[in-house]
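Counting starts at 1 for both ligands and their atoms, in listed order.
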Amino acid sequence: MTQDKKKKLLIIEARFYDDLADALLEGAKAALDEAGADYDVVTVPGALEIPAVISFALDAEEEDGESYDGFVALGVVIRGETYHFEIVANESARALMDLSVQESVCIGNGVLTTENEEQAWARARRSEGDKGGFAARAALAMIAIQERLGAERT
Ligand SMILES: Nc1c(NC[C@H](O)[C@H](O)[C@H](O)CO)[nH]c(=O)[nH]c1=O
Ligand SMILES: CC(=O)[C@@H](O)COP(=O)(O)O
């Protein structure tokens, strides 16, 4: 991957909450458009499915499939009545971190984990927290650092 090559990223969005997913995706797309990066979008049911899609993309790359310079994970996990919040929030984050470190993959994590919907909106809206845009910019930053260090995935 050369410094001047146009970057291509894969956005994986968990659409457990449709309207919130729209807000996160708007921010992420705006950030990547502003950076002049190309991207594809894949939609999954929930945050727990996001890490596997990155694994699928890495596997496909080894079979001469599409190659992505980085990944943007988007989703919203809102606490309910049971322990499932901890499972979804913690395990999706853990799997993304494990992928980034063990596979040297550039990932921006825009999966919100909130106590309620109000907190989620305050972070999803591009005009407020813009966590979707932040995650996209984080992925781009990691791609640049990986290039600078000469650590691109072969
Ligand atoms: N409760 C939330 C979920 N739960 C669904 C899981 O992510 C997963 O899709 C399901 O367990 C089937 O494997 N997902 C979110 O993204 N946000 C939530 O608040
Ligand atoms: C984060 C979740 O999994 C949550 O939406 C599930 O709600 P509940 O714990 O009330 O089943």
Side-chain angles (χ1 to χ4, degrees), residues 7-35 37-146 153:
K7 303 303 179 277
K8 179 93 181 263
L9 293 88
L10 179 65
I11 299 173
I12 307 108
E13 56 157 15
R15 281 200 163 256
F16 198 83
Y17 297 98
D18 249 343
D19 291 346
L20 284 160
D22 286 339
L24 287 169
L25 185 60
E26 177 189 344
K29 284 182 172 179
L32 296 181
D33 289 343
E34 185 178 334
D38 289 331
Y39 51 86
D40 293 326
V41 180
V42 166
T43 300
V44 295
L48 282 182
E49 281 78 47
I50 295 174
V53 171
I54 295 175
S55 289
F56 298 163
L58 298 179
D59 291 346
E61 183 181 294
E62 291 178 9
E63 301 300 322
D64 296 328
E66 181 68 59
S67 176
Y68 294 102
D69 300 301
F71 301 86
V72 183
L74 302 176
V76 179
V77 186
I78 300 177
R79 186 179 298 278
E81 298 175 349
T82 70
Y83 188 73
H84 199 226
F85 170 85
E86 278 74 11
I87 294 297
V88 177
N90 296 342
E91 293 304 309
S92 58
R94 178 73 270 149
L96 291 173
M97 288 302 298
D98 289 348
L99 277 167
S100 64
V101 172
Q102 293 166 13
E103 302 295 334
S104 295
V105 174
C106 301
I107 301 173
N109 185 345
V111 178
L112 307 182
T113 54
T114 69
E115 296 300 323
N116 54 56
E117 197 169 334
E118 180 183 1
Q119 288 179 354
W121 277 112
R123 288 151 182 82
R125 288 191 186 97
R126 190 179 163 207
S127 59
E128 293 184 61
D130 191 23
K131 294 302 184 184
F134 188 89
R137 287 185 288 273
L140 290 169
M142 291 303 286
I143 291 167
I145 292 166
Q146 190 175 52
R153 289 171 45 79

Visitor: Taking 4.0 angstrom as the limit and counting only heavy atoms of V77, give me the atoms of ligand 1 inside it, by number and element.
Guide: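 Those qualifying, in numeric order: 17 (N), 18 (C), 19 (O).
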Visitor: Near ligand 2, which protein residues have a heavy atom under 4.0 Å away?
Guide: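 For ligand 2, the contacting residues are V77, I78, G80, E81, T82, H84, F85.
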Visitor: Mind checking whether D38 and L9 have side chains closer than 4.5 Å, heavy atoms only?
Guide: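 A side-chain contact is absent here, since even the closest heavy-atom pair is not under 4.5 Å.
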Visitor: Please state which option from V76, L48, I87, L112 has its nearest heavy atom closest to atom 6 (C) of ligand 1.
Guide: L48
Visitor: Is L112 close to L74 at the side-chain level, that is, under 4.5 Å between some pair of heavy atoms?
Guide: no
Visitor: Do T114 and V77 have side chains that approach each other closer than 4.5 Å (heavy atoms only, starting at C-beta)?
Guide: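 They are not in contact (no side-chain heavy atoms under 4.5 Å apart), so the answer is no.
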Visitor: Output the list of atoms in ligand 1 that are nearer than 4.0 Å to some heavy atom of G46, sorted by atom number.
Guide: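 Contacts of ligand 1 toward G46, numbered from 1: 7 (O), 9 (O), 14 (N), 16 (O).
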Visitor: Taking the minimum heavy-atom distance to atom 8 (C) of ligand 1, which of E13, H84, E91, E49 ranks first?
Guide: E49
Visitor: Just so I know, are the side chains of D22 and L20 near enough to count as touching, which here means a heavy-atom distance under 4.5 Å?
Guide: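 Not in contact.
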Visitor: Counting only heavy atoms closer than 4.0 Å, does ligand 1 sit against the backbone of I78, its side chain, both, or neither?
Guide: backbone
Visitor: Salt bridge or not for E86 and R79, using N-O below 4.0 Å?
Guide: yes
Visitor: Is it the case that over 12 heavy atoms from other parts of the model lie below 6.0 angstrom from the CZ atom of F134?
Guide: no
Visitor: Under 4.0 Å between a Lys/Arg side-chain N and an Asp/Glu carboxylate O for D130 and R123?
Guide: no
Visitor: Between E103 and S100 (side chain of the first, backbone of the second, donor and acceptor by atom type, cut-off under 3.5 Å), is there such a pair?
Guide: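 Not a single qualifying donor-acceptor pair exists.
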Visitor: Closest non-hydrogen protein atom to atom 18 (C) of ligand 1, residue and atom name please, with distance?
Guide: F16 CD2, 3.4 Å
Visitor: Verify, without hydrogens or angle tests, whether R15 (side chain) and D18 (backbone) share a donor-acceptor contact under 3.5 angstrom.
Guide: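 Confirmed, R15 side chain pairs with D18 backbone.
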Visitor: Should we say atom CD of E66 is surrounded by more than 12 heavy atoms from elsewhere, each under 6.0 Å from it?
Guide: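 Check passes, neighbour count above 12.
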Visitor: At what distance is the nearest protein heavy atom to atom 16 (O) of ligand 1, and which residue and atom is it?
Guide: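 Minimum-distance protein heavy atom for atom 16 (O) of ligand 1 reads A47 N, 2.9 Å.
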Visitor: Which of the atoms in ligand 1, numbered in the order shown and given with their element, are less than 4.0 Å from a heavy-atom of Y17?
Guide: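 Once the distances to Y17 are compared, the set is 19 (O).
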Visitor: Applying a heavy-atom cut-off of 4.0 Å, say which part of F85 lies close to ligand 1: side chain, backbone, both or neither.
Guide: neither
